[in-house]
2 protein chains.
Amino acid sequence: MAREATRPNGGKQSRIQTENRALIMQAALDVFSTDGYRGATVDRIAERAGMSKTNLLYYYPSKEEIYRSAIEQTVEAWLDPFDAIDPDGDPIEELRRYITVKLKMSDENPEASRLFANEVQRGAPLVGEFLSTRLKALVDEKVAVIRTWIDEGRLAPVDPYHLIFTIWATTQHYADFEVQVQAILGKQAKKPGFSEQVAHAVLSILLNGIRPR
Amino acid sequence: MAREATRPNGGKQSRIQTENRALIMQAALDVFSTDGYRGATVDRIAERAGMSKTNLLYYYPSKEEIYRSAIEQTVEAWLDPFDAIDPDGDPIEELRRYITVKLKMSDENPEASRLFANEVQRGAPLVGEFLSTRLKALVDEKVAVIRTWIDEGRLAPVDPYHLIFTIWATTQHYADFEVQVQAILGKQAKKPGFSEQVAHAVLSILLNGIRPR
DNA sequence: TCTAAATTTGACCAGCTAGTCAAGAATTTT
DNA sequence: AAAATTCTTGACTAGCTGGTCAAATTTAGA
């Protein structure tokens with residue numbers, strides 16, 4: 001009871017609270033994204049966060065709550081750039097920007113990508129409802145935009161749903177299969193300009209296709 | 001010792017052995033692919049396979065051995081169609097066939113795809129070496145083929161490595177993110193002709209791109 | 001059918017798991 | 001500086017985990 005529900009000050013967090021919650025979230029992202037929900041242990045998250053398990057459980061009441069928090073954080077960051085696709089913008093430019101942003105996210109925060117992938121692969125016990133309500137609605141909205149673009153002849157006549165899936169798949173692949181990409185490309189995958197190279201290659205394929213021109 | 005290494009008959013399996021090993025492998029695929037290696041329990045696999053844990057451990061000596069076996073089986077099935085890409089065939093036709101086969105595999109055996117994805121996301125503790133040796137060599141070989149095709153003007157000038165990654169990403173997405181795809185597409189994702197629809201859409205995007213023509 | 005081998009199981013164990021509790025240490029407020 | 005609050009921890013528990021063992025049951029070969 002006197003755990004963390006009690007907020008003597010009006011919901012504001014102390015310096016220590018802010019710091020520790022951030023440490024815990026980063027550790028949780030690391031551990032959950034590699035070991036999955038069932039495979040992760042609170043002990044391991046605490047160790048990674050540099051504090052005792054007891055102390056960690058002072059900030060988050062249970063393993064499930066840590067997980068929920070990490071997932072929610074991830075999902076929100078996901079939605080933003082997708083939502084930002086502008087119906088009034090130039091189709092190719094809008095999609096190019098979206099793909100670029102997603103690739104950047106995969107590059108900078110691959111753990112979040114893997115955490116979400118893991119959740120979905122598990123059958124989405126937590127985000128299942130989110131997927132079929134809020135995300136579906138948002139996707140339907142963007143699909144309508146893409147359809148308009150196609151009708152206006154500003155985009156090739158492709159199935160909008162599968163176009164979105166294809167973009168998601170390719171951009172997240174570089175985070176989710178990071179180890180495989182690195183195993184195949186070797187050290188060049190760690191060089192500075194790599195993410196730009198990826199962006200260029202992916203954009204080239206998705207925008208122009210592979211048929212000779 | 002008198003466990004399963006002993007094969008009084010020259011390595012041949014009895015009817016019961018063949019049956020049970022198959023049951024165990026299917027159960028292992030199901031459980032490992034959803035819960036991951038660490039999250040999966042031998043109890044759960046045994047329950048799914050319809051036998052006692054003790055009996056399961058009579059056929060496979062440890063959890064790790066069950067996992068290894070399931071992974072190896074999966075990896076082999078993976079390699080076949082990739083290896084079958086024919087340097088002497090028509091480039092577009094060869095890639096179309098490869099994409100189609102991979103989509104079919106995702107459709108028919110999504111658990112295997114998720115198992116492999118999970119292994120790689122975990123950092124590929126088991127297949128790491130395989131990735132950087134055998135798979136890398138095979139990929140390098142096919143990259144050379146693609147380069148030749150491009151030089152001959154029979155394929156658009158795209159980065160062969162990223163082309164391969166793009167194909168892997170898109171085709172496996174429909175297995176790994178099955179739940180998400182179904183949440184967004186609703187019941188149409190379960191209709192008979194769905195996998196053909198996916199194949200058509202994905203091929204259209206990858207072959208022709210999304211730029212208006 | 002009889003027997004040897006193969007299969008199956010319940011009871012069991014040591015180590016790990018999520019979470020509790022009460023008490024001590026650090027910090028903030030007065 | 002004292003008091004109140006917040007933060008931190010070691011010791012503990014009940015249940016789960018992978019794996020063992022000896023004994024029972026089933027199957028197949030002569």
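Below, all heavy atoms of this structure are taken into account, side chains as well, without hydrogens, waters or symmetry copies. Every chain is numbered from 1 and lettered A, B, ... according to where its sequence line falls, protein lines coming before strand lines.
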Original post:
Which whole-number value in Å describes the distance from A:Asp35 CG to C:dC16 P?
Top reply: 16 Å
Original post:
Would one find more than 12 heavy atoms of other residues, nucleotides or ligands at under 6.0 Å from atom CD of A:Gln197?
Top reply: yes
**OP:** Report yes if at least one side-chain N or O of B:Asn55 is closer than 4.0 Å to OP1 or OP2 of C:dT7; otherwise report no.
**Re:** no
Subject >> Toward the 5' end of DNA chain D, by each residue's nearest nucleotide, B:Lys63 or B:Ile16 >> reply: B:Lys63
**OP:** Using distance alone, with no hydrogens and no angle criterion, decide if A:Tyr98 and A:Asp86 have a side-chain donor and acceptor under 3.5 Å apart.
**Re:** no
Subject >> A:Arg21/A:Glu65 salt bridge by N-O under 4.0 Å criterion >> reply: no
Subject >> Enclosure of A:Glu129 CD (heavy-atom neighbours >12, cutoff 6.0 Å) >> reply: no
Original post:
When the distance from OH of B:Tyr60 to C1' of D:dG18 is rounded to whole Å, what number comes out?
Top reply: 18 Å
Original post:
To the nearest angstrom, how far is A:Leu56 atom CG from C:dG19 atom C1'?
Top reply: 12 Å
**OP:** Return the value, rounded to whole Å, for the distance between atom CG of A:Leu23 and atom C1' of D:dC7.
**Re:** 14 Å
**OP:** Confirm from the modelled atom types if A:Thr54 and D:dG10 form a donor-acceptor pair under 3.5 Å, side chain to base only.
**Re:** yes
Original post:
Do the ring planes of B:His162 and A:Phe194 sit parallel (below 30°), tilted (30 to 60°) or perpendicular (above 60°)?
Top reply: tilted
Subject >> Any B:Tyr58 side-chain N or O less than 4.0 Å from OP1/OP2 of C:dT8 >> reply: no
Original post:
Can you tell me if the side-chain N/O atoms of A:Gln17 get under 4.0 Å from OP1 or OP2 in D:dC7?
Top reply: yes
**OP:** To the nearest Å, give me how far apart CG (A:Leu57) and P (D:dC7) are.
**Re:** 15 Å
Subject >> NZ (A:Lys104) with more than 12 external heavy atoms under 6.0 Å >> reply: no
Original post:
Which whole-number value in Å describes the distance from A:Tyr67 OH to C:dA18 P?
Top reply: 14 Å
Original post:
What parts of residues 37-53 of chain A reach DNA chain C, counting only heavy atoms under 4.0 Å away?
Top reply: A:Ala40, A:Thr41, A:Val42, A:Asp43, A:Lys53
**OP:** For D:dT8, take OP1 and OP2 only and decide whether either is under 4.0 Å from a side-chain N or O of A:Asn20.
**Re:** yes
Original post:
What orientation do B:His173 and A:Trp168 show, parallel under 30°, tilted 30 to 60°, or perpendicular over 60°?
Top reply: tilted
